[in-house]
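Just so it is clear, the structure is predicted and the values come from calculations on it, not from any experiment.
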Amino acid sequence: MTTHEAPSPDRDPRPATGEATPPLRQLRQLDARSLRGLAHPLRLRLLEVLRHDGPATASQLADRLGESSGATSYHLRQLASYGFVDEEAGRGTARERWWRAVHDGIQVSDPETFLKHDDPAVRGALDLMLHEIASIHTSELSTWLGSMHTWSQEWRRRGDISDYTLWLTPEVAGELGERLRAVIDDYRDRVPADADDAASVRLHLHAFPREGGQQRAAREEGARDGESAGDDGTAQERGTVRDDKEEAT
């Protein structure tokens, strides 16, 4: 499970020293401690905004998220203590610090580590984090649907909301996910941020087994076995129904 957002270059201004802002550094692999430190709705939203829009102050983030600057300042310090954000060197003042995200995104390679953890607080932290990320995705999609009329006709045509249902094994599902991520990586640097008609595009990839899917597969397999075994009574009954209908017409 991965969340990944590269900051928008045009919203990532340089420090007062004139030195380029250090690039974000790969994915942060979560452990039990960092998971608990991140699992707070406001912290997740702060980190999302910093990754997506670039460095900001606590006051700017408070205005953006409709929170008090005291709350955003406190949670930014907490994120910093867990290594998710840091202060942008050479910028701001003692009273107005600029914060930046440290990593490209976060990653949980093995959910079992947390789902079966002895500490219920760790299990709860994973649940909170995943539901909050899903909530952020839903909010982003709703924002797009509510603002489609403000975008060009070309962008309205290219927007996509699709879903698919496939029969897969866990191994094949993992292979599919890897191939999809590889395709996305191929497009990551294809278009510069200052290109004509370029926009920051969000891609949500959700892959999960559907409740009841296994039961349906078992029912279908049982039905096929019954037909191949030659259920004469059922076949005769079906044939009689068809004949009755034909005679009635």
Side-chain angles (χ1 to χ4, degrees), residues 1-13 24 26-28 30 35 38-68 71-72 75-76 79 84-85 99-108 111 125-165 176-177 180-195 197-208 210:
M1 294 181 289
T2 305
T3 66
H4 185 294
E5 305 88 22
S8 175
D10 61 332
R11 299 199 180 200
D12 190 8
L24 297 183
Q26 305 304 317
L27 298 176
R28 170 70 179 271
L30 297 183
L35 172 63
L38 182 60
H40 185 283
L42 182 52
R43 293 178 196 177
L44 286 163
R45 286 187 290 152
L46 287 168
L47 194 56
E48 176 89 4
V49 173
L50 289 176
R51 289 192 193 124
H52 192 69
D53 294 337
T57 67
S59 297
Q60 291 171 338
L61 291 165
D63 291 340
R64 172 73 181 271
L65 298 175
E67 300 283 347
S68 70
T72 56
H75 287 291
L76 283 166
L79 286 170
F84 291 103
V85 305
W99 299 93
R100 63 182 295 273
V102 176
H103 308 92
D104 290 316
I106 57 177
Q107 185 174 47
V108 176
L126 178 65
D127 183 74
L128 186 151
M129 185 190 75
L130 294 178
H131 278 84
E132 186 61 27
I133 290 173
S135 178
I136 290 172
H137 289 181
T138 300
S139 177
E140 289 178 339
L141 183 56
S142 296
T143 298
W144 156 247
L145 295 176
S147 63
M148 283 179 62
H149 64 282
T150 67
W151 289 83
S152 67
Q153 180 181 7
E154 189 65 15
W155 271 117
R156 290 197 297 269
R157 290 179 56 216
R158 302 302 181 184
D160 184 30
I161 303 177
S162 302
D163 62 84
Y164 307 89
T165 300
L176 175 61
L180 290 173
R181 287 189 289 273
V183 170
I184 293 170
D185 285 339
D186 286 342
Y187 284 83
R188 193 173 298 282
D189 300 318
R190 179 173 295 192
V191 178
D194 58 355
D197 206 25
S200 175
V201 175
R202 296 283 286 152
L203 298 174
H204 297 166
L205 176 59
H206 302 160
F208 50 88
R210 186 169 58 87

Side chain to side chain contact (heavy atoms under 4.5 Å, CB included) partners for [X], two or more places apart:
X      : answer
Arg157 : Gln153, Glu154
His75  : His40, Leu42, Arg43, Leu46
His206 : His137, His204, Phe208
Ala195 : Val191, Pro192, Ala198

According to the salt bridge (charged side-chain N to carboxylate O under 4.0 Å, His left out) rule, which pairs have a member within residues 131-145, sequence neighbours left out? Glu140-Arg202
In sequence, state the C-alpha distance, the side-chain angles, and the governing distance for Thr57 and Trp99, and then conclude on side chain to side chain contact (heavy atoms under 4.5 Å, CB included). CA-CA 6 Å; Thr57 67; Trp99 299 93; 5.8 Å; no
Given Trp144 and Ser142, is the side chain to side chain contact (heavy atoms under 4.5 Å, CB included) satisfied, shown in steps? CA-CA 5 Å; Trp144 156 247; Ser142 296; over 6 Å; no
Which residues pass the salt bridge (Lys or Arg N to Asp or Glu O under 4.0 Å) test with Asp197, not counting sequence neighbours? none
For Arg45, what residues pass the salt bridge (Lys or Arg N to Asp or Glu O under 4.0 Å) criterion, not counting sequence neighbours? Glu67
Name all residues meeting the side-chain hydrogen bond (donor to acceptor under 3.5 Å, both in side chains) criterion together with [X]; count only those two or more places apart in sequence or in a different chain, and write none if there are none.
X      : result
Asp185 : Arg188
Asp63  : none
Asp194 : none

Please check: side-chain N/O of Ser147 versus main-chain N/O of Thr150, any donor-acceptor pairing under 3.5 Å? no
Test item: Ser135 side-chain N/O and His131 main-chain N/O as donor-acceptor pair under 3.5 Å: no
What's the verdict on side chain to side chain contact (heavy atoms under 4.5 Å, CB included) for Trp155 and Val201, showing C-alpha distance, side-chain angles and the deciding distance? CA-CA 10 Å; Trp155 271 117; Val201 175; 3.5 Å; yes
Rounding to 0.5 Å, atoms CD (Gln60) and OG1 (Thr72) come to a distance of 10.5 Å
Met129 and Ile106 have their tightest heavy-atom pair at SD-CD1, 3.9 Å
